[in-house]
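Presented below is the structure to which this report refers.
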Amino acid sequence: MIEKCAPIGLLMLVDPFKDPREVWTSVGAVVQALNHEQLLGAIELFAHGRQLVTWSAPPNGFLGPIAKMVALPYQLALYATEPFKAQAQLAAEALGWTCTAQ
């Protein structure tokens with residue numbers, strides 16, 4: 001495990017979104033190894049299609065989706081760690097995304 005020090009950044013794009021279970025298991029392991037209390041992390045999921053996506057629960061160490069964007073056929077969802085949630089929502093909102101209460 002990495003010692004507590006300066007925050008660690010993580011940005012991940014999952015494209016295309018399908019079944020995230022395998023990805024979430026891997027992400028959870030990375031977050032655990034990186035000491036998620038110091039992790040400033042965001043995961044952006046991308047989906048393409050005419051049907052609205054039901055986004056999955058977040059991986060361990062993440063909240064969300066904390067923001068979404070729908071412009072069919074494109075859909076995006078944003079997940080973030082607790083220490084990064086407010087900043088990630090501000091950025092998403094500035095880009096025209098809809099923030100959620102997650």
Side-chain angles (χ1 to χ4, degrees):
M1 182 178 296
I2 296 174
E3 296 289 326
K4 285 192 176 194
C5 55
I8 299 164
L10 171 72
L11 174 63
M12 178 184 299
L13 172 64
V14 179
D15 172 20
F17 173 74
K18 290 190 176 151
D19 183 352
R21 285 176 288 201
E22 228 176 273
V23 174
W24 277 184
T25 300
S26 299
V27 170
V30 169
V31 169
Q32 201 66 21
L34 291 176
N35 182 3
H36 67 272
E37 293 159 4
Q38 292 292 100
L39 180 63
L40 302 178
I43 301 171
E44 181 181 346
L45 299 183
F46 172 81
H48 183 274
R50 299 275 175 213
Q51 299 290 332
L52 288 178
V53 171
T54 300
W55 300 104
S56 62
N60 288 338
F62 280 78
L63 304 170
I66 62 159
K68 300 175 188 177
M69 193 279 292
V70 177
L72 291 176
Y74 308 106
Q75 298 176 68
L76 299 161
L78 185 64
Y79 297 76
T81 56
E82 180 64 42
F84 194 54
K85 178 185 172 189
Q87 289 175 302
Q89 283 184 314
L90 282 173
E93 194 170 50
L95 294 170
W97 293 41
T98 301
C99 293
T100 64
Q102 295 284 327

side-chain contact (heavy atoms from CB on, under 4.5 Å) between Leu63 and Glu82, worked out: CA-CA 7 Å; Leu63 304 170; Glu82 180 64 42; 2.9 Å; yes
Close side-chain approach of Leu78 to Trp55, heavy-atom, < 4.5 Å: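 They are not in side-chain contact.
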Pairwise side-chain contact, Leu45 with Val53, heavy-atom cut-off 4.5 Å (strictly under):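 SC-SC contact between Leu45 and Val53 ruled out.
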Which atom of [X] lies closest to which atom of [Y], heavy atoms considered:
X     : Y     : result
Gln75 : Gln51 : NE2-O, 2.8 Å
Gly9  : Leu39 : C-CD1, 4.3 Å
Glu93 : Cys99 : CB-SG, 4.0 Å
Ser56 : Tyr79 : O-OH, 2.6 Å

Single-linkage hydrophobic cluster, 4.5 Å side-chain cutoff, Met69 and Leu95 together: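 Yes, same cluster.
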When rounded to the nearest 0.5 angstrom, what distance separates [atom1] in [X] from [atom2] in [Y]?
X      : Y     : atom1 : atom2 : value
Thr100 : Lys68 : OG1   : NZ    : 6.5 Å
Leu13  : Leu76 : CG    : CG    : 8.5 Å
Leu72  : His48 : CG    : NE2   : 9.5 Å

Gln89 (side chain) donor-acceptor with Ile66 (main chain) under 3.5 angstrom: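 The answer is yes, because a donor-acceptor pair under 3.5 Å joins these two groups.
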Thr81 side-chain N/O to Phe62 backbone N/O, donor-acceptor pair under 3.5 Å: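 No, because the side chain of Thr81 does not come within donor-acceptor range (under 3.5 Å) of the backbone of Phe62.
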